[in-house]
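Have a look at the structure below before the remarks.
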Amino acid sequence: MAVILELAIQGAQMFSVLLLAPLLIGFVRKVKARLVRRQGPSVIQPYRDLVRLMRKEVVLADNASWLFRVTPFLIFAATWVAAALVPTFATGLEFSWAADLIVVVALLGSARFFQALAGMDVGTSFGGIGASREVMIASLAEPAMLLIVFSVALVAGATQLSTVAAFMGSPEVGLRVSLGMSLIALVMVAIAENARIPVDNPATHLELTMVHEAMILEYSGRHLAMIELASFIKLLLYMSLISCVFLPWGLDSGGTGPKALAIGAATYLGKLAMLAILLAVFETAVAKMRVFRVPDFLGAALMLALLGTLLLFVSRSL
Amino acid sequence: MISTVALLLCGPAAFLATAILGAAVSRRTFATRLVYGAAFVISAVLTAIVAGHLAGNSGEASATLPLGLPWTGARFRLDGLSAFFLLVVNLGGAVTSLYALGYGRHESAPHRVLPFYPAFLAGMNLVALANDAFSFLLSWEFMSLASWALVMAHHRDEANRRAGYIYLVMASFGTLALLLAFGLLAGPAGTYAFDAMRTAHPGPLAAGAVLVLMLLGAGSKAGLVPLHAWLPLAHPAAPSHVSALMSGIMTKVAIYGFIRVVFDLLGEPAWWSGIAVLLIGGVTAVLGILHALMEKDLKRLLAYSTIENIGVIFASLGLALAFKANAMPSAAALAFTAALFHVLNHSFFKSLLFFGAGAVLTSTGERDMEKLGGLIHRLPVTSFVFLIGCVSISALPPFNGFASEWLVFQAILRSPELPQWGLKVIVPAVGGMLALSAALAAACFVKAFGIAFLGRARSAAVERAHEVDRWSLAAMAVLAAFCLLAGILPGFAIDALSPVSLSLIGDRMPVQMAEPWLSIVPIAESRSSYNGLLVFAFIAISASLTAFFIHRFASHALRRSIAWGCGFTDAVPAAQYTAVSFAQPIRRVFGGFAFRARETVDMPAPGSLEPARLKVDMHDVAWEIFYQPITGAIDFATERLNHLQFLTIRRYLTLVFLYLVILLLVLALWP
């Protein structure tokens, strides 16, 4: 019985991630539009976009290979599996022991690897420019992310996300300098990884500034829908990660009944809304950087993360 | 009852017989099949024997042959460590021979390859079996010389001759360092058997000197920065299957030498020895992969990436040393097992990638990535297995490169318990370097696969390319399968490595195969666990479920059209991104300190029709800092000493007299 319940919770988390992700994007877009006093599209517009893309035909470049057609499914699967491993409203997922936080980071790395390859498959300059800039950004964001994982793991004594979330919720954590640094670094990495302003602009198709959009320029129809949905899930994943590690309140620690689950779900939605509003405000307030300022931005994240880890090596209580 | 060691010693003997046979018949048409077929059979048999030994956990066995120095004989011994490395050598040798059955047919000068190939394998086998300093050094030199002869196989190329020369100089230097290290270990009594060295513990100063000499001697063969200069020249110069052996296997034999001396013969390590090895490993990893990123020659890129992986292995060994010195055996066993597992994994995917590069070379005649492109259409099977190699080496789950790097990171997370401040500061920095090198490796292999195999063909040779022969494809497919298997079932490898770590560290990682669902749990399940099999299954299931869903409910329509080019239909393949332009953003970020890279744009005067030119100026910093002063000093000294050649007989007699006086004085004053 308990196994069935846990499986159900795992399944619920997996599918709620899938269903919530477009809503989150719609909400961010709506808030951004309202902040610049536009009406903005409805919050469910991303669902309509996805359905519309699914119905359209795929226009494939002449020399696109099998890799180009397989990649959307690989990207989607890797991102979805990664998202399913991050606790959203309850810890103690049935399969959380199959992979830890390092694996989640590496799964996102796999998705990016194939996305960059797909960008180079057709052989246009746009794909190349996107792929080459994406790997440059990743070459700084990924080590920063791993160092953040190190700090969090050293504080919690585990890289297992469920253990980390449970530990972070306990009163013995307290305020720590290293965790503060990790949080700032994680926010910076999340911004870069999700191609948000100031690193990349998700709304642009201007050749010289785009990174993420340049790689997927050749995609259309159902393939594009898969990639878009994967990028929506990625944003949700990072927000879930931030909220389960740094805002662990209200998280259901498993097997405590429907009331705790309901509280977990409600607080989770609240945290998501708060983070989405913060993201929208931040994106409206800052301007996009030049591409070659991005390494400075990410270098700062890397140094912060390294400093946080170093502090923990020096003293476990910092 | 013949002992296992004697059985294993028949292997090198059979290889040497094959070498002599190969020399005799090398110009006949059947020679290629004969030599590689024999090498394949011998390696496969040796692999089976060694695997049986490892699996049966059969302990140690030794033998003494009446060879070598008079009255003492040559000692050989088989223990867990040598069994593991023999497995790496012979498994690699078997797959390489299988590949060479097809690849070797395209060889333009078979008589320069066939005699030396089995000799090279024999040398590597003997190094792993040797149990005294004399046989070790002799086998080591034999291995170096055989591989040197293979590097010089295509000696008419000026670049290859230079590579061969530098390799020879560095190999002699490395052996000199090893000779001195064994001299220190042997002590004043001059006991050159490993068994005697193991019981005689040298003083702290001597132990430190041995460690430094091993880093120089084994490190130069493995390719540690700054001793790596020969490696990216020599490995690509050899025929591709030999490149695979040198990069995938011979560097591991060098690591075997390092482990044998530092972990086994030297006794308890000092805590600072961990710092030295960690730092060198971390720097090697980052610089190696940065060099690889800047490379546009496919085989040189792979050689530089070998340097990166050697750095990862050494960093992990350094961690093991630090833990061992601080009496943390379980953490030391974790770091040590991670290093050995990465040794195995790197031998799989690096051989696979060199085979792929060889297949590209046979079918197009090109190594320069700027002239490749679009090979995924021409070589479908090769590009698929090469892609698996790229994913594995980029440490992406669920393949094997990730499993071993994950273990290394888990070992790093044990290190705050280390008491010394030096280690507390160095370990997170090295952890950051390893994370950086892993991310850069992914970038590097996106570039390697994206430029060479994707996009449109950049030369006519590519458009004429055809898939390579079945032998080569079979060898590559076997290695690709190994990459996946070691990635999804890492528990097998970890458990098989436990006798090695038990004998050298005194502890082992927890038994992995007893874990539910075959996950790997290095410390405790609440702390960290990874299940490659489940991750692989999840990805496969969710990808196929999605594909099923999409094909059931979404539109099926598909139309082929020209690529979108902003209104331009750029038909010129030269307008694609190149290897150099792909690496440009990373060069701008890291090039300043790693290569002292400088870009200058040469703009024509207004109104002039001259093209603008971009010039990139890059330096190999290690070469300039370490090698140029040495060569300069040698030049200077030889120039001075040249005068001694033309003295009169009186002056020579005066010099001899002075020398005698000084010698007697020294003897008189010596305490």
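Labels below follow one simple rule: chain letters A, B, ... track the order of the sequence lines, proteins then strands, and each chain is numbered from 1.
With a threshold of 4.5 angstrom between heavy atoms, B:L436 approaches chain A through its backbone and through its side chain. Contact annotation for A:A99: both backbone and side-chain heavy atoms come within less than 4.5 Å of a heavy atom of chain B. Heavy atoms of B:E405 lying under 4.5 Å from chain A are absent altogether. A:L117 touches chain B through backbone and side chain together, each having a heavy atom under 4.5 Å away. For A:V81, the part sitting under 4.5 Å from any heavy atom of chain B is the side chain, from C-beta outward, and nothing else.
Annotation: the span from A:L140 atom CG to B:L440 atom CG amounts to 8.0 Å, rounded to 0.5 Å. Rounding to the nearest 0.5 angstrom, the gap separating the OH atom in B:Y577 from the OG atom in A:S132 is 4.5 Å. Rounding to the nearest 0.5 Å places CD1 of A:I102 at 11.5 Å from OH of B:Y530.
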Give the intermediate values and the outcome of side-chain contact (heavy atoms from CB on, under 4.5 Å) for residues B:R559 and A:L60. CA-CA 6 Å; B:R559 178 159 55 90; A:L60 209 59; over 6 Å; no
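Here B:P585 is the residue among B:C390, B:A583, B:P585, B:A442 with the most heavy-atom pairs under 4.5 Å with chain A. Listed options A:L161, A:L146, A:L53 were ranked by heavy-atom pairs under 4.5 angstrom with chain B; first place goes to A:L146. Highest contact tally toward chain B, considering only A:S110, A:S139, A:P295, is held by A:S110 [criterion: heavy-atom pairs under 4.5 Å].
Legend: ring pair (Phe, Tyr, Trp, His ring centres under 6.0 Å) pairs involving residues 416-458 of chain B, not counting sequence neighbours, sorted by first then second residue: B:F386-B:F453, B:F449-B:F453.
Partners of A:S65 under the side chain to side chain contact (heavy atoms under 4.5 Å, CB included) rule, at least two apart in sequence or in another chain, are A:L67, A:D121, B:I376, B:H377, B:L454.
A donor-acceptor pair shorter than 3.5 Å can be found between the side chains of B:S529 and A:Q160.
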